[in-house]
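Reading through the structure tokens given below for one structure.
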Amino acid sequence: MMNELFNDVVSAYINGEFVAPEDARISAFDRGLIFGDGIYEVVPIYGGQAFRWDEHLARLNNNLDVVGIRQPYTRQDWAKVLVGLLSRATEQDHYLYIQVTRGVAPRNHVFPDSAEPTVFAYVQKLAPVAESAVTQGVKVVTIPDFRWHRCDIKTTSLIANVWLRQQAKEQGAAEAVLVRDGVVTEGAATNVFAVMNGIVRTAPQGPNLLPGITRDLVVELMARHGVSYEERAFTEQQMIDAEEVWITSSTNEVMPVSRINDNVVSEGRPGPAFQRVYDLYQQYKAQCRTDAKQNVG
Ligand code: PDD
């Protein structure tokens with residue numbers, strides 16, 4: 001009964017052990033549970049290969065350093081975890097979830113003197129992005145960004161983000177686009193792009209948004225293929241008036257927005273700049289699958 005919850009989870013890992021998902025357990029005193037004192041990553045796995053693996057590991061390690069949690073594993077250690085988790089996976093797409101917490105200790109806000117980081121990871125089937133979302137676009141709503149001032153840290157303390165996404169859902173929207181002092185920061189779990197006067201804009205990296213791996217890849221692809229872009233913040237009104245708007249994340253890829261609150265964007269369908277960047281993204285993905293096959297062979 002309970003196991004049905006984990007139907008899509010292929011395999012789990014906790015502190016050196018590969019376990020069945022329903023047996024994945026940690027102490028109730030883990031600081032991840034008590035304080036949300038941990039860092040996480042979500043990494044797509046295409047063709048058995050972790051997508052932008054180096055970038056995800058670099059962000060994980062950087063975040064661990066920032067919050068003073070010891071980096072538990074080397075790159076080789078993480079690769080072993082991934083290979084072990086994938087050993088029971090099929091050909092289809094998956095994602096890898098990684099969480100590192102400050103470990104188990106009696107409750108005290110101050111960091112414990114000696115606690116081993118808790119490492120939890122699992123591989124789960126990745127549902128393909130809905131075709132209707134890509135062909136028709138999704139609705140988003142704007143909501144004041146009431147989060148803290150270190151949104152660049154991918155922490156498991158996500159109560160603000162889950163609450164914001166829930167508010168979006170209750171308004172019939174796929175995402176909450178967050179606005180701080182009139183300026184768009186990011187989505188509850190995505191980064192935001194807007195096209196103005198034919199130039200693609202996305203907010204520059206900084207403390208108010210996550211440096212999304214997908215965002216950075218889209219910027220990289222635009223630079224490589226001569227798409228005009230600027231890393232420059234924009235206001236809520238500029239976004240509403242924009243020619244096109246998209247959101248990006250590891251699980252949503254590049255997704256067009258066709259409505260913001262009660263406003264229609266881009267005549268209610270994906271625009272040409274989206275189509276160009278979406279195609280570049282899909283080509284890049286396809287190349288990663290091909291490279292993965294060649295590595296195996
Ligand atoms: N979320 N901003 C926030 C607040 C996010 O939580 C995410 C990703 C992103 C996009 O980052 P990336 O391109 O690296 O996935 C931006 C993940 C997918 C999640 O929490 O499930």
Side-chain angles (χ1 to χ4, degrees), residues 5-6 8-9 11-17 19 21 24-45 50 52-53 55-73 77-78 81-82 85 94-112 115-124 126 145-169 175-176 178 185-191 207-215 249-252:
L5 276 178
F6 302 112
D8 288 338
V9 182
S11 185
Y13 170 96
I14 294 187
N15 295 334
E17 309 270 339
V19 291
R25 292 197 173 82
I26 57 161
S27 165
F29 288 91
D30 194 281
R31 290 176 63 99
L33 181 68
I34 302 265
F35 292 120
D37 189 4
I39 298 295
Y40 79 106
E41 280 295 326
V42 176
V43 190
I45 312 283
R52 303 289 278 186
W53 185 221
E55 288 78 3
H56 279 281
L57 283 188
R59 185 172 66 182
L60 174 70
N61 284 331
N62 176 53
N63 280 180
L64 290 169
D65 289 350
V66 167
V67 301
I69 297 177
R70 185 171 61 75
Q71 293 181 20
Y73 293 162
D77 295 332
W78 282 118
V81 173
L82 179 58
L85 285 172
H94 293 84
Y95 75 82
L96 167 71
Y97 177 85
I98 294 175
Q99 170 167 332
V100 180
T101 78
R102 205 180 300 277
V104 179
R107 185 178 184 280
N108 183 341
H109 285 66
V110 173
F111 297 173
E116 284 299 306
T118 300
V119 180
F120 169 47
Y122 66 83
V123 161
Q124 171 158 343
L126 177 63
D145 191 347
F146 53 67
R147 302 173 303 162
W148 66 335
H149 289 279
R150 290 309 304 270
C151 297
D152 53 324
I153 301 172
K154 200 164 172 62
T155 166
T156 57
S157 316
L158 283 173
I159 193 163
N161 302 64
V162 297
W163 189 14
L164 287 159
R165 176 62 74 84
Q166 179 63 22
Q167 288 181 26
K169 187 186 170 208
E175 179 61 306
L178 309 179
T185 53
E186 60 176 342
T190 54
N191 292 110
N208 289 338
L209 61 141
L210 190 79
I213 304 295
T214 320
R215 170 206 178 278
S249 79
S250 294
T251 46
N252 288 291

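The model shown is predicted, which means the values in this text are computed figures rather than measured ones. In what follows, residues are counted from 1 in the order of the sequence shown.
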### Message
Working to the nearest 0.5 angstrom, can you tell me the gap between Asn161 CG and Thr156 OG1?
### Response
11.0 Å
#### Entry: Side-chain donor/acceptor of Asp152 to backbone N/O of Pro211, under 3.5 Å
no
## Note on the structure
Residues Val66 and Arg150: closest non-hydrogen pair is CG1-NH2, 3.9 Å
### Query
With under 30° as parallel and over 60° as perpendicular, where do the rings of Tyr73 and Tyr13 fit, or are they tilted in between?
perpendicular
### Task
Apply the test side chain to side chain contact (heavy atoms under 4.5 Å, CB included) to residues Arg31 and Val104: give CA-CA distance (whole Å), side-chain angles for both, the deciding distance (0.1 Å), then the verdict.
CA-CA 6 Å; Arg31 290 176 63 99; Val104 179; over 6 Å; no
### Query
Does the ring center of Tyr97 lie less than 6.0 Å from the ring center of Tyr95?
no
### Task
Mind checking the CG-NE2 spacing from Leu85 to His94? Nearest 0.5 Å is all I need.
10.5 Å
### Ala121 versus Leu96, closest heavy-atom pair with distance
CB-CD1, 4.3 Å
#### Entry: By side-chain contact (heavy atoms from CB on, under 4.5 Å) - contacts of Asn61 (at least two apart)
Leu64, Gln71
### Query
Where do Asn191 and Leu209 land on the side chain to side chain contact (heavy atoms under 4.5 Å, CB included) test, with the steps shown first?
CA-CA 8 Å; Asn191 292 110; Leu209 61 141; 3.7 Å; yes
#### Entry: Heavy-atom donor-acceptor pair, Arg52 side chain to Ser250 backbone, under 3.5 Å
no
### Query
Is the backbone N or O of Ala188 less than 3.5 Å from a side-chain atom of Glu175, with the two atoms forming a donor-acceptor pair by type?
yes
#### Entry: Worked verdict on Phe35 versus Thr101 for side chain to side chain contact (heavy atoms under 4.5 Å, CB included)
CA-CA 10 Å; Phe35 292 120; Thr101 78; over 6 Å; no
### Query
Are the side chain of Thr155 and the backbone N or O of Gly38 linked by a donor-acceptor pair below 3.5 Å?
yes
### Message
Which residue in the set Thr185, Leu158, Ile159 passes side chain to side chain contact (heavy atoms under 4.5 Å, CB included) when paired with Arg147?
### Response
Thr185
### Message
Within the 3.5 Å criterion, strictly below it, is a donor on Asn252 or Thr190 matched to an acceptor on the partner's side chain?
### Response
no
### Summary
Minimal heavy-atom distance between Ala189 and Ser249, with the atoms involved, is O-CB, 3.5 Å
### Task
With sequence neighbours left out, write down each residue that passes ring-ring contact (aromatic ring centres under 6.0 Å, His included) with Phe111, or none if nothing qualifies.
none
### Summary
Sequence neighbours excluded, the answer for salt bridge (charged side-chain N to carboxylate O under 4.0 Å, His left out) partners of Arg59 is Glu41
### Query
Can Trp163 and Phe146 be said to form a side chain to side chain contact (heavy atoms under 4.5 Å, CB included), step by step?
CA-CA 11 Å; Trp163 189 14; Phe146 53 67; 3.6 Å; yes
## Note on the structure
Between Glu17 and the options Ile14, Asn15, Val19, the side chain to side chain contact (heavy atoms under 4.5 Å, CB included) test singles out Val19
